[in-house]
Trainee: 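Here it is: the structure, laid out below.
Chain naming here is simple, since letters A, B, ... match the order of the sequence lines and numbering starts at 1 in each. These numbers come from a predicted model, not from an experiment.
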Amino acid sequence: MVKKGAWVRIHNVVLTPDQRASQVPDDTKKVPLEMWVKGRLMDDADIGDTVIIRTRTNREAKGVLLEENPHYWHNFGKFVPELLKVSEQVWAALFGGDQA
Amino acid sequence: MTNNSYNEVMARRSEIIKKAVGIDYGKYEIDRIAFDYEQMMNDVGYSLDEVRRIQLDRAVGNTPLIELRNITELARKYAPAGHGARIFVKDEAANASGSYKARRAALSVYEAKKKGYKGVIAATSGNYGAAVASQAAMAGLRSIIVQETYDSRGVGQPEIIEKARKCEALGAEVVQLSVGPELFYSVLLLLEKTGYYNASLYTPTAVASVETLGYEIAEQCREKLGRDPDVVIATNAGGGNLTGTARGLIKANCKAKVVAASVNLRGLHMASDTQFNKKSFTTGHTGFGMPFSTWPDRTDVPRSAARPMRYMEDYLTVAQGEVFYITEMLATLEGLEKGPAGNTALAVAFGYAQTMPRDAILVVQETEYTGAGKHVQPQLSFARDNGIDIHFGNPKDEVPGESIILPEDPSLIAPIKQDMNRLRQSLIRNATKELQEELTNEEVNFLADETNTNANYVKDVVNRLQEK
């Protein structure tokens with residue numbers, strides 16, 4: 001159970017595949033236009049319920065409750081060894097490899 | 001009840017936009033295709049000094065101009081004797097929100113506040129979102145940023161997720177969408193519902209705000225070097241960056257050549273769900289740069305104030321691998337860690353400087369902030385996870401969506417010159433394709449201005465198009 005007032009993320013479908021714009025490429029036309037937005041939950045609900053939230057601009061938005069206290073997952077990724085090679089290479093090209 | 005189907009909302013678009021921008025574009029229309037661009041820009045109603053003052057009051061502008069001595073030295077190693085211009089960079093990451101886009105947002109938000117709007121809305125997955133959020137926070141206005149974020153698998157570029165984070169950190173509401181041009185439809189619905197100001201990137205205000213950047217470049221070169229720059233390179237996507245910078249240089253009476261730079265993403269469809277996460281640049285690429293240059297009036301306002309073909313003298317493209325390489329070079333050799341997208345013009349500069357004499361001055365007009373997600377490391381890591389083949393070789397062999405080729409050595413950083421005449425002809429073809437009757441004199445002159453050519457050039461192109 002997620003409590004009223006909790007900070008949550010919801011999801012909904014803005015346009016179903018058959019409602020999409022005519023100029024959209026074929027692969028995109030096969031899938032719906034989806035939307036995600038965050039806000040405060042207006043009433044107690046469970047994950048998966050259709051709910052109403054109040055966003056930061058005081059707007060009401062409706063959708064399926066995805067998560068409470070949504071967090072960012074982005075980071076610096078996995079090590080890319082090529083970047084170290086670039087760094088060593090440009091240093092050597094300008095200042096000489098052996099002096100590095 | 002109002003009908004909110006895609007077609008119904010799009011049919012209401014001009015009425016919604018008029019309310020949300022407060023400009024009557026109709027009064028600038030001259031003929032079927034011509035309109036009074038200069039009058040539209042004059043009606044912004046602020047002098048360059050006023051714009052500067054407004055921006056400086058909001059932690060925008062007066063960014064450092066930094067000489068890249070080591071990169072210049074390295075470029076000279078690969079240049080013909082006597083060649084290798086001095087390369088400078090305008091450190092726009094020093095603006096309040098971490099990019100030059102702060103300039104663009106400053107005046108728009110100021111306008112919105114003055115006109116009594118309660119909030120602003122911007123459609124952007126890029127630095128402009130953070131810029132609008134930052135300026136709105138300073139002005140005490142609400143902001144909504146609408147982003148194209150995920151593909152149908154729910155996967156999003158780390159760079160775009162980072163921008164969402166930054167917007168939210170600055171108090172904005174971020175509406176995230178899956179891939180598709182109907183983002184504009186969602187924006188229209190939000191504008192209608194909230195009555196907020198449309199902080200479009202393409203209003204006269206938004207483009208006039210960039211004039212201070214060009215003006216500062218001329219001023220700083222004169223102060224520091226006692227002379228004007230010879231070449232200014234601007235990354236080109238929607239065209240506002242180049243247009244504003246060029247207009248600022250002109251206002252400073254500076255005759256520097258203005259050169260456009262874009263990442264080559266040829267072959268990738270910008271509205272494709274399956275190709276969305278195959279690219280490593282979400283802006284500054286040819287997918288925007290080419291269509292927006294040759295047909296500017298494809299934006300969220302009836303007449304775009306960004307008209308780069310009026311000002312650019314050269315247009316060069318680079319591969320994604322070249323931009324990632326130069327980003328690492330900038331960190332290693334100059335001690336400046338910046339976001340990759342903002343280094344597109346720098347990658348072009350490294351090659352371009354080699355075609356110029358040693359005493360010439362070349363200015364790269366921007367940098368952008370970097371951090372988790374929005375950095376060469378996570379962007380390459382993400383590309384690799386999405387099946388992109390990353391290796392060393394000749395960047396000319398890079399296939400957008402399939403490979404990212406890092407130059408085997410710095411001599412292989414070789415920007416490709418685009419055919420300016422083809423671009424000019426393409427603009428003329430796009431502008432005239434719906435016309436049944438001959439062009440009026442005013443229309444010919446308009447197209448001459450649009451392509452930075454003359455009436456004979458335009459007539460000649462039109463005649464050749466008709467023969468076809």
Trainee: Quick check for you: among B:Q275, B:K374, B:Q147, B:E168, which has the greatest number of heavy-atom pairs under 4.5 Å with chain A?
Mentor: B:E168

Trainee: With only heavy atoms counted, which part of A:L83 is less than 4.5 Å from chain B, the side chain, the backbone, both or neither?
Mentor: both

Trainee: At a heavy-atom separation under 4.5 Å, does A:E34 approach chain B through its side chain, its backbone, both, or neither?
Mentor: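 Both the backbone and the side chain of A:E34 come within 4.5 Å of chain B.
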
Trainee: Find the one option among B:H391, B:Q379, B:E408 whose heavy-atom pairs under 4.5 Å with chain A are most numerous.
Mentor: B:E408

Trainee: Can you see whether B:E162 engages A:Y72 through a side-chain donor-acceptor pair at a distance of less than 3.5 angstrom?
Mentor: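 No, no side-chain donor-acceptor pair sits under 3.5 Å.
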
Trainee: Taking all non-hydrogen atoms of both residues, which atom of A:P25 and which atom of B:A271 are closest, and how far apart?
Mentor: CG-O, 3.4 Å

Trainee: Given a strict heavy-atom distance threshold of 4.5 Å, which part of B:F382 is in contact with chain A: side chain, backbone, both, or neither?
Mentor: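 Neither part.
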
Trainee: Which region of B:A331, side chain (C-beta onward) or backbone (N, CA, C, O), has a non-hydrogen atom less than 4.5 Å from a non-hydrogen atom of chain A, or is it both or neither?
Mentor: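 B:A331 has no heavy atom closer than 4.5 Å to chain A.
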
Trainee: Heavy-atom distance under 4.5 Å to chain B: side chain of A:V31, backbone, both or neither?
Mentor: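 The answer is the side chain of A:V31.
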
Trainee: Would A:K85 and B:F392 count as a side chain to side chain contact (heavy atoms under 4.5 Å, CB included) if you check the C-alpha gap in whole Å, the side-chain angles of each, and the deciding distance to 0.1 Å?
Mentor: CA-CA 10 Å; A:K85 186 178 162 185; B:F392 285 93; 3.5 Å; yes

Trainee: Looking at B:A172, B:P181, B:G156, B:S381, which one has more heavy-atom pairs under 4.5 Å with chain A than the rest?
Mentor: B:S381

Trainee: Below 4.5 Å, heavy-atom pairs only: which of B:L406, B:V376, B:I390 has the largest tally toward chain A?
Mentor: B:V376

Trainee: Select one option (side chain, backbone, both, neither) describing which atoms of B:Y78 are under 4.5 Å from chain A's heavy atoms.
Mentor: side chain

Trainee: Taking salt bridge (charged side-chain N to carboxylate O under 4.0 Å, His left out) as the criterion, tell me which of A:R40, A:R54, A:R59 meets it with B:E173.
Mentor: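 That would be A:R59; it is the only one of A:R40, A:R54, A:R59 passing the salt bridge (charged side-chain N to carboxylate O under 4.0 Å, His left out) with B:E173.
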
Trainee: Non-hydrogen atoms of chain A under 4.5 Å away: do they reach the side chain of B:V175, the backbone, both or neither?
Mentor: both

Trainee: Set out, in order, the CA-CA distance, both residues' side-chain angles and the distance that settles side chain to side chain contact (heavy atoms under 4.5 Å, CB included) for B:V174 and A:K38, then state yes or no.
Mentor: CA-CA 8 Å; B:V174 178; A:K38 295 172 186 171; over 6 Å; no

Trainee: Under a 4.0 Å N-O cut-off, is there an ion pair linking B:D385 with A:K78?
Mentor: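 A salt bridge is present here (some side-chain N lies under 4.0 Å from a carboxylate O).
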
Trainee: Quick one: what part of A:E88 sits under 4.5 Å from any heavy atom of chain B, side chain, backbone, both or neither?
Mentor: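 For A:E88, there is no contact with chain B at all, as no heavy atom is under 4.5 Å.
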
Trainee: Evaluate the criterion side chain to side chain contact (heavy atoms under 4.5 Å, CB included) for residue pair B:Q176 and A:M35; output intermediate values, then yes/no.
Mentor: CA-CA 6 Å; B:Q176 298 185 307; A:M35 190 193 79; over 6 Å; no

Trainee: Using distance alone, with no hydrogens and no angle criterion, decide if A:Q19 and B:Y185 have a side-chain donor and acceptor under 3.5 Å apart.
Mentor: no

Trainee: Is any side-chain N of the basic residue among B:R384 and A:E82 closer than 4.0 Å to the acidic one's carboxylate O?
Mentor: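 Looking at A:E82 together with B:R384, the answer is yes, because their closest N to O distance falls below 4.0 Å.
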
Trainee: Taking every non-hydrogen pair under 4.5 Å, which of B:E73, B:K77, B:K118 racks up the most with chain A?
Mentor: B:K77

Trainee: Which residue out of B:H375, B:R165, B:M329 racks up the most heavy-atom pairs below 4.5 Å with chain A?
Mentor: B:R165

